[in-house]
Amino acid sequence: VDDSNGMVVNIKVIDDIVRRSVIERYHNKSINDEVPEFALRAPSLENLLDSLWREIEPLLPSEVSLTQLRLEEMPTLYGEMNMTDSLVKL
């Protein structure tokens, strides 16, 4: 925790990473047609989580690590990836 502001990382940094890596890349797009990574790969929850993880993790500041990722379309339709256990839950 940074003594000067009481935060591990400024939430604005995380918001910017999510905006660039997720929202700008996927929002209002036909994933199969408009996201090159999925031209030949099914956009399943598992594949989307894997892709998001690989894209987000290297962008995080060195003092934080990605431990879990949840992709939710609705409360009953979601997937979670937890890399400490190499587990994907659907």
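Below, all heavy atoms of this structure are taken into account, side chains as well, without hydrogens, waters or symmetry copies.
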* To do: Determine, step by step, whether Ile17 and Val22 satisfy the side-chain contact (heavy atoms from CB on, under 4.5 Å) criterion, reporting the C-alpha distance in whole Å, the side-chain angles of both residues, the deciding distance to 0.1 Å, and the verdict.
  => CA-CA 8 Å; Ile17 291 169; Val22 181; over 6 Å; no

* Glu24: partners by salt bridge (Lys or Arg N to Asp or Glu O under 4.0 Å), with sequence neighbours left out ->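 For Glu24 the salt bridge (Lys or Arg N to Asp or Glu O under 4.0 Å) partners, ignoring immediate neighbours, are Arg19.
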
* Asked: What residues form a salt bridge (Lys or Arg N to Asp or Glu O under 4.0 Å) with Glu34, not counting sequence neighbours?
  -> none

Within the structure provided, determine whether [X] and [Y] are in side-chain contact (heavy-atom separation under 4.5 Å).
X     : Y     : result
Asn32 : Phe38 : no
Leu52 : Ser21 : no
Thr67 : Asn82 : no
Tyr78 : Leu71 : no
Ser65 : Leu60 : no

* To do: Assess whether atom CG of Leu77 is packed by more than 12 heavy atoms of other residues, nucleotides or ligands within 6.0 Å.
  => yes

[X]: side chain to side chain donor-acceptor pair (under 3.5 Å) partners, not counting sequence neighbours:
X     : answer
Asn28 : none
Arg20 : Asp16
Ser4  : Asp2
Ser62 : none

* Asked: Partners of Ile11 by side-chain contact (heavy atoms from CB on, under 4.5 Å), sequence neighbours excluded?
  ->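 Testing Ile11 for side-chain contact (heavy atoms from CB on, under 4.5 Å), a comparison that skips the adjacent residues, returns Ile14, Asp15.
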
* Please identify each residue that fulfils side-chain contact (heavy atoms from CB on, under 4.5 Å) with Arg54, with sequence neighbours left out. => Glu37, Arg41, Asp50, Ser51

* Asked: When rounded to the nearest 0.5 angstrom, what is the spacing between CD in Gln68 and CE in Met81?
  ->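 If I round to the nearest 0.5 Å, the distance is 11.0 Å.
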
* Supply the atom-to-atom distance Ile23 CD1 to Lys29 NZ, rounded to the nearest 0.5 angstrom. => 12.0 Å

Closest non-hydrogen atom pair between [X] and [Y], with its separation:
X     : Y     : answer
Leu66 : Trp53 : O-CZ2, 3.1 Å
Val13 : Pro61 : CG1-CG, 3.8 Å
Leu45 : Gly79 : CD1-N, 3.9 Å

* Pairs meeting criterion salt bridge (Lys or Arg N to Asp or Glu O under 4.0 Å) with involvement of residues 55-67, two or more places apart -> Arg25-Glu55

